[in-house]
Structures are given as C-alpha cells and as structure tokens.
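Only a predicted model underlies this, so the values are computations on that prediction, with no experimental measurement involved. Note that ligands are numbered from 1 as they come in the structure, with each ligand's atoms numbered from 1 the same way.
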Amino acid sequence: MRSIPVLACLLGLALNSLSAVAIEQFDYKVVATKPQDRSLFVQGLQIIDGQLYVSTGRYGESRLLRYDWPDQTLNHEHPLDPRLFGEGVTVLEDRVYQLTWRSGLMFTYQRESLEMLEVSKIPTQGWGLTHDGKNLILSDGSNRLFFIDPREQRLTRSLSVMESGLPVGKLNELEWIEGMIWANVFQTDRIVIIDPESGNVTGNIDLTGLLPAKERQPDTDVLNGIAYEQDSGKIWVTGKRWPFLYQIELIPSRSITETRMDDKTR
Ligand SMILES: [Ca+2]
C-alpha cells in the first residue's frame, strides 16, 4: 500500500496536467407523441421546412420517405435497390443525402423532386448522417465522426469521440442541435451530446423506458432517430420499428466532473 505522502505527491503532479470537465446528465420528459408506421426500420430522421425525411434500412425494405410535417402525409417514397441497406439521411441546401450501410455508397438527391443526382463512394460504413451547415457529418459505428465536403465529396476531417478518456463507440443516428452533435449509441437507450471541435462528450441523455413495454413487439428494435425542429426548438426521437415519434424535453439530473488531460499535455 502506498504511503499518503507518495500519493499526495503523485496527485499533485497529476493535477498539474489535468483539468476538470463537467459532463451533464439528463433525464427526459415526453411532451408529445405522434404515430409512426411501426414497420419502418428507422435509420435516418430529419425535420426541416415542414417536411419529415425518414431513411429506412433492411435489405429489400430500404426506402427514402418524405412526409408533410406536422400532419405526416406521405408525399414521396423512393425504394432502394434490394441489395442495399439504407442508413442516415440529411438535407443540406438544395440536396438530400442518404447513406447505405456496407456498400460504400451515398446517394445525392435533388431536394424538391428527390430525383437522384449522384452516387458517390464513402470511405467507410454508413451509419448516421447530419451536417453542420457546411460539411456532412457521418458516423460509421465506431467512435469516429467524419466531416465531408458535400460538393467535392472530400473528407475534410475526422473526430474521435471520447468520454472520460475512453472512446464512445457505436455512434449511430446523428443530429446537429445548436452547435453540438447528438448521437444515438447503438443498442442502448442513450444519446450523447458531443462537442464538434474536441470530440468530448459533454452530456448524456438517458431515455430508458421511453417506449413502454406494452408497446414492444417481437420485432421492435432499438432507439434510433433524432430530429430537431430548428424554428420551434422541438426535439423528436424514435426507434427502429417503433409505433411513435416522441417529442422530448431534457431534465437535468446531475452533473459529474470528468478529469481529463489538458489539450496542451496530449
Ligand atoms: Ca437526425
């Protein structure tokens, strides 16, 4: 067992190169619910300018869907080749981008007509997709996020997502919300809030119990899908083969202090 003076000395040395970072912990409150076709294997979700965009997965079932919002009238449906598995979707300027899982392909559509304009290669698996107003931001199931210039189809940077010095893997569906990246963590009821500059997790949202047990069926799958209505600030979440979209509000539960290495000491 180390003596106290030795421990104090080690602690003192450590504190010189460590800094404290607060990670906010959130519970949630359901503010509203809307029905969702529970056959949809939701892989991508975005609401923008009175339209809800949904990308769905599974071979033979993958589609790009667009609904009027908030009345949810389907106004466009585009099936993918049955050999492709749809993933994230995002709308940026006059284009819509849709990922596929393992094929290395991303589709670009004209926003109004949803006519396909381009098929491009991506350097990794496609999972979640959002944008920061300039770059597409893509997840691939690891703890990495990739920033892609949409016009030049060029990787501009990548980011490692970390919490308490450990990688946060299985990042899935994404949403850019007020300068931060929200990400579903695959196979959990957790959404992490990520600083897009440092990659540090700054918040954890625990959505345990969101879909009641009585609403679960044998094929009901995991939480996946985040959409932010920029005008109203409403946040909607859902899951794969879930019967509802939920509007949620965050309730701060507690804050934990993470101690991590200062940037300058890395
Ligand atoms: Ca999203």
Side-chain angles (χ1 to χ4, degrees), residues 28 34 36-37 40-57 62-67 69-70 72 76 85-93 95-101 106-109 111 114 122 125-141 144-148 150 159 161 168 170-186 188-194 196 201 203 205 207 210 221-242 244-250:
Y28 67 94
K34 279 182 164 290
Q36 175 172 261
D37 175 351
L40 300 182
F41 199 82
V42 175
Q43 299 286 56
L45 196 72
Q46 186 176 358
I47 297 168
I48 181 169
D49 296 337
Q51 307 271 276
L52 165 66
Y53 293 80
V54 183
S55 173
T56 68
S62 294
R63 286 173 284 169
L64 175 61
L65 304 163
R66 185 172 64 192
Y67 301 82
W69 183 263
Q72 294 182 283
H76 192 93
F85 195 113
E87 290 281 348
V89 67
T90 198
V91 183
L92 175 57
E93 297 176 343
R95 297 189 177 189
V96 179
Y97 301 87
Q98 183 184 29
L99 292 177
T100 59
W101 181 23
M106 180 173 71
F107 298 119
T108 304
Y109 304 88
R111 179 168 170 174
L114 292 182
I122 53 172
Q125 290 188 12
W127 283 47
L129 193 63
T130 188
H131 67 80
D132 61 6
K134 183 180 177 190
N135 294 291
L136 301 178
I137 305 171
L138 179 157
S139 67
D140 70 347
R144 307 279 287 175
L145 295 175
F146 299 87
F147 291 69
I148 296 173
L159 189 66
V161 177
V168 181
K170 297 187 176 181
L171 299 175
N172 202 2
E173 218 273 332
L174 303 173
E175 189 78 6
W176 181 267
I177 301 181
E178 301 298 329
M180 303 296 276
I181 302 166
W182 290 32
N184 284 110
V185 180
F186 182 49
T188 74
D189 291 320
R190 176 186 178 205
I191 289 173
V192 289
I193 301 174
I194 302 160
V201 169
I205 307 163
L207 292 170
L210 179 60
D221 212 299
V222 295
L223 178 76
N224 200 42
I226 311 165
Y228 177 59
E229 288 188 72
Q230 197 163 12
D231 295 343
S232 64
K234 292 177 181 174
I235 295 164
W236 294 87
V237 296
T238 190
K240 303 177 187 184
R241 303 201 197 284
W242 281 27
F244 300 110
L245 291 150
Y246 291 97
Q247 187 201 338
I248 58 165
E249 285 181 1
L250 303 193

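- When the options R95, R66, Q98 are evaluated for a side chain to side chain donor-acceptor pair (under 3.5 Å) with Y109, the one that passes is Q98.
- At the Ca ion (ligand 1), the vertex angle linking OE1 of E175 with O of I226 is 70° (nearest 10 degrees).
- Proximity of a side-chain donor or acceptor of E173 to a complementary backbone N or O of I226 within less than 3.5 Å is detected.
- Geometry at the Ca ion (ligand 1): O/L45 and OE2/E173 form an angle of 90°, nearest 10 degrees.
- Taking 3.0 Å as the criterion, L129 does not count as a coordinating residue of the Ca ion (ligand 1), since none of its N, O or S atoms falls below it.
- Of the possible polar contacts, none joining the Q43 side chain to the S55 backbone as a donor-acceptor pair under 3.5 Å is found.
- A salt bridge does not link R241 with D37: every distance from a Lys NZ or Arg NE/NH1/NH2 to an Asp or Glu carboxylate oxygen is 4.0 Å or more.
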